[in-house]
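Notes to accompany the following structure.
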Amino acid sequence: MKFSENDLHRETERLFKELKKVKWSKLDCALIAPITLEINRLKKEKNAIILAHSYLTPDIMYGVADFIGDSYGLSRQAQKTKAKIILFCSVHFMAETAKILNPKKTVLVPVIAGCSLAESITPKDVRNIKKKYPEAAVVCYVNTTAAVKAECNACCTSSNALRIIEGLPQKKVIFLPDELMAKNLQPLTRKTLINWDGRCIVHEKFSPKTIDAVRKNYPGVKILAHLECAPEVIQKVDMSGGTEGMIQYVKNHKAKSFMLVTECGLTDRMKVEMPNKKMVGVCALCPYMKQITLRDILLALKSPSKDQIIELPESILRKAKRALDRMIRITEDKKFK
Ligand code: 13P
Ligand code: SF4
């Protein structure tokens with residue numbers, strides 16, 4: 001579709017208002033304006049919404065997304081929406097989660113983006129570990145495939161992992177697949193956690209030395225880390241949790257500077273949404289999340305290929321939904337808050 005000079009000018013200004021906070025120039029914004037206009041037009045025409053994880057690039061988050069959030073918040077948005085099509089801009093397992101919660105809707109992905117955690121375990125691995133510990137409950141982190149979720153008693157995200165572990169009756173819990181997250185959670189519960197050896201290739205790279213250096217250079221800095229980091233890192237920070245918890249912490253804290261030990265997209269979000277808070281130190285890029293571009297989004301909305309449409313076998317949908325429903329029940333039950 002061809003847009004008028006006026007429309008393109010207005011779109012460039014709209015984008016620049018937000019993206020200049022992450023150092024985008026007006027020319028950069030003008031270059032993407034025809035694509036964001038076309039995506040936003042197609043969304044209306046097709047009755048679609050775009051959900052974007054906070055690790056995406058700012059042109060996607062502020063150019064075309066209807067909701068930006070963490071894995072839990074986005075799955076709740078997917079459940080609430082009245083739109084016919086959900087275009088899920090994130091890694092594949094999150095889009096699968098939206099499909100499980102909304103089997104009748106069309107769920108699309110711009111690219112098939114993996115995740116080192118989701119790729120670390122298969123349904124057969126879960127069945128084998130269950131045989132070894134028949135008395136234990138199985139909790140899978142949301143960063144797993146739908147087929148793995150189908151083998152578990154409950155799912156969890158970084159925002160509710162401890163609550164889910166505590167909310168199940170069993171005293172032993174097989175916590176899959178994130179080894180580091182299980183190690184970070186173990187001191188917080190009296191239950192025994194049995195872990196797997198999956199790792200997030202982005203968060204495992206942060207080292208305690210970086211934390212020490214940032215503290216030395218920025219007195220008074222508050223440091224926040226994702227629970228997927230190593231315990232030696234978590235022990236040194238002021239707050240640990242999921243991405244949404246980090247946003248709330250920064251929003252409500254009076255400190256002047258913050259370091260986010262996580263993916264750079266979240267730091268970009270803070271810079272755009274809380275420009276009066278100073279972000280310092282380093283962040284890391286997730287090669288899976290950062291595969292997604294505006295162009296892929298446009299192509300998926302225009303005419304999705306077979307690979308861009310999430311389809312799951314009926315039996316997987318049904319069983320994986322049980323694990324997700326249990327997570328939502330425990331998370332939203334006031335008794336566990
Ligand atoms: P959140 O649910 O905290 O956003 O985490 C998702 C993720 O993939 C972190 O690496
Ligand atoms: Fe997976 Fe880590 Fe990327 Fe999150 S940051 S999607 S856990 S690889």
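Quick caveat: nothing in here was measured; it's all calculated off a predicted structure. Ligands are counted one by one from 1 in listed order, and the atoms in each one are counted from 1 as well.
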Ligand-side contact atoms (ligand 1) for residue partner D70, heavy atom cut-off under 4.0 Å = 1 (P), 2 (O), 4 (O)
Non-hydrogen atoms of K191 and K171 that approach each other most closely = CB-O, 3.2 Å
Inspect the surroundings of NZ in K278 and state if more than 12 heavy atoms from other residues, nucleotides or ligands are less than 6.0 Å away.
-> no
Can you name the residues that form a ring pair (Phe, Tyr, Trp, His ring centres under 6.0 Å) with H253, not counting sequence neighbours?
-> Y249
Considering residues, nucleotides and ligands other than K319, do more than 12 of their heavy atoms fall under 6.0 Å from its NZ?
-> no
Any H53 heavy atom less than 4.0 Å to ligand 1 = yes
Mind listing the protein N/O/S atoms less than 2.8 Å away from atom 3 (Fe) of ligand 2? Waters don't count.
-> C286 SG
N or O pair under 3.5 Å between Y72 and ligand 1 = no
Y55: numbered ligand 1 atoms lying under 4.0 Å from its heavy atoms | 7 (C), 9 (C), 10 (O)
Subset of ligand 2 atoms that lie under 4.0 Å from at least one heavy atom of E228 = 2 (Fe), 7 (S)
Provide the number and element of each atom of ligand 1 under 4.0 Å from a heavy atom of H203.
-> 10 (O)
Numbering as shown, the atoms of ligand 1 that approach G242 to under 4.0 Å (heavy-atom distance) = 3 (O)
Salt-bridge criterion met for D7 and R10 (N-O under 4.0 Å) | yes
Atom 4 (O) of ligand 1: the protein heavy-atom neighbour that sits closest, reported with distance to 0.1 Å = T243 OG1, 2.5 Å
Set of residues satisfying disulfide bond (SG atoms under 2.5 Å apart) with respect to C264, sequence neighbours excluded | C283
Shared hydrophobic cluster for Y72 and I68 (ILVMFWY, side-chain gaps under 4.5 Å) | yes
Geometric N/O contact H226 with ligand 1, under 3.5 angstrom = yes
Chi angles and distances behind the side-chain contact (heavy atoms from CB on, under 4.5 Å) call for N143, D178 = CA-CA 9 Å; N143 297 39; D178 191 341; over 6 Å; no
Looking only at heavy atoms, the pair that brings V126 and E151 closest together is CG1-CB, 3.7 Å
Ionic contact status for R41 with E38, cut-off 4.0 Å = yes
Disulfide bond (SG atoms under 2.5 Å apart) with C115: which residues, sequence neighbours excluded?
-> none
Selection from C229, G69, S158 by shortest heavy-atom distance to atom 3 (O) of ligand 1 | S158
Determine the minimum heavy-atom distance between M270 and I247, stating which atoms define it.
-> CE-CA, 3.5 Å
If you measure from the Lys or Arg side-chain nitrogens to the Asp or Glu carboxylate oxygens, is any gap between R329 and E332 under 4.0 Å?
-> no
Does ligand 1 have a heavy atom under 4.0 Å from the side chain of T157, from its backbone, from both, or from neither?
-> neither
What protein heavy atom sits nearest atom 10 (O) of ligand 1, and how far off is it?
-> E228 OE1, 2.8 Å
Considering the heavy atoms of N143, write down every atom of ligand 1 situated less than 4.0 Å from one of them.
-> 7 (C), 8 (O)
How far is atom 2 (O) of ligand 1 from its nearest protein heavy atom, and which residue and atom name does that atom have?
-> S71 OG, 2.5 Å
